[in-house]
Amino acid sequence: MKKVLGMGEIMVQFNPTEKGPLLYQRMFERHVAGSEANIIIQMQKLDVKTSFFTAVGSDPFGEIIINTLREEGVETNLVKIDEGNPTGIYFVQRSYPYPGKTTVFYYRENSAASKITCDDIKEEVFEDVDMLIISGITPALNESVRNCALKIVEMSKSRGIKVVFDTNIRIKLLKNKEKALECVQPFLEKADIVFTGMGDLNFLFKGEFEDKKNQLKELAKNTEIMVIKMGEKGAIALYDGHTYKQDSFKVPVVDELGAGDAFDGAFLASILKGYDVKTALKYGCAAGAITVSLKGDIEPLPKWNDLKLFLDIHSS
Ligand code: CKP
Ligand code: MG
């Protein structure tokens, strides 16, 4: 195994110490998060070698992001420092208006990561890489990042690098179904492994669950493994003509953000370790459950020992 490369925006997250409306929050914890970075860090915690391609501002938030990646063991030589644009940040509102549900408020327009262009892609990006992780958030940032994301995917494919895509539709970035479909379609067509969630499936397609699943399969024709995350209902994986299912693990929900990414990271690390799809689903669901029970996307991400302990306690 060489290394896994992530591409996307990493932001500083401000997460209130209390649940409830953001309007009344006065105290915040500072975290670092971003879908692809969360996946990469989960994989790194599960002994996979990783690297990240992004840009941050020449500001303290950018420094915090680079320090965080380094502390977690992720290679940072592909992180560009943009002198002219700031690091993106966002605020989180937990358990309001619906208990257990989290809302995000982005301040990421014109951020350093949103200014990445195809010119930033150099051959060194692909050095020693055998898997690329990208999500629907990245092409949703703007056209230039979208082109860059597509180019990275195409260049990866032509170098025999496996492409992993999580649809991760963000309505705040994409506005409507047509835009969302247009954004994810070229990535679905090229990905070797696809992750999606029930929210994304419901947003993108019409009909019963089976119809939606078939419409997704139709788009993602070349996919080897397709995983549908169903939150409290667990997850299913479609692989080699079979459907595998895993129930979720019931835990108290503190902050649901990042659970999908924890799932992806643990699932992929399991596959790379040689586990079968059924076992990978179990580790994915366990990592997701561990992540929702704490604030922050990165801090709760488990190592192999934590996953095994969680599963032991759960089955005892
Ligand atoms: O799908 P997830 O809940 O695992 O993703 C959460 C992250 O990148 C979130 O923390 C934020 O950093 C983001 O997705 C985003 O841009 O919404
Ligand atoms: Mg997700």
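Since the structure is predicted, the reported quantities are computational estimates derived from the model, not experimental observations.
Checking Thr138 against Glu9 by side-chain atom types alone, no donor-acceptor pair falls below 3.5 Å. Under 3.5 Å, the side chains of Glu36 and Ser135 contain a donor-acceptor pair of N or O atoms. Looking at Lys250 and Ser248, their side chains do bring a donor and an acceptor atom within 3.5 Å of each other. A donor-acceptor pair shorter than 3.5 Å cannot be found between the side chains of Asn85 and Asn110. Asp276 and Thr279 share a side-chain donor-acceptor pair at under 3.5 Å.
Centroid-to-centroid, the aromatic rings of Phe267 and Tyr283 stay 6.0 Å apart or farther.
For the pair Lys172 and Phe105, the cation-pi criterion (under 6.0 Å, within 45° of the ring axis) is fulfilled. At least one test fails for Lys45 against the ring of Trp304: distance under 6.0 Å to the centre or angle within 45° of the axis.
In this structure Ile89 satisfies the side chain to side chain contact (heavy atoms under 4.5 Å, CB included) test together with Val12, Phe14, Phe61, Phe91, Tyr107, sequence neighbours excluded. When the ring-ring contact (aromatic ring centres under 6.0 Å, His included) test is applied to Phe249, the partners found at least two apart in sequence or on another chain are Phe310, His314.
No side-chain heavy atom of Cys148 sits less than 4.5 Å from a side-chain heavy atom of Thr117.
Screening Lys2, Lys3, Arg70 against Glu75 for a salt bridge (Lys or Arg N to Asp or Glu O under 4.0 Å) leaves a single residue, Lys3.
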CA sep, side-chain torsions, deciding dist, call: Ser35, Asn38, side chain to side chain donor-acceptor pair (under 3.5 Å)
CA-CA 5 Å; Ser35 177; Asn38 300 342; 5.6 Å; no
For Lys295 and Glu29: C-alpha separation, side-chain torsions, deciding distance, then whether salt bridge (Lys or Arg N to Asp or Glu O under 4.0 Å) applies.
CA-CA 9 Å; Lys295 266 182 272 176; Glu29 286 175 11; 2.9 Å; yes
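Contacts classified as salt bridge (charged side-chain N to carboxylate O under 4.0 Å, His left out) and involving residues 143-167 (residues at least two apart or in different chains) are given here: Glu123-Arg159, Arg146-Glu182, Glu154-Lys190, Lys157-Asp192, Lys162-Glu224, Asp166-Lys229.
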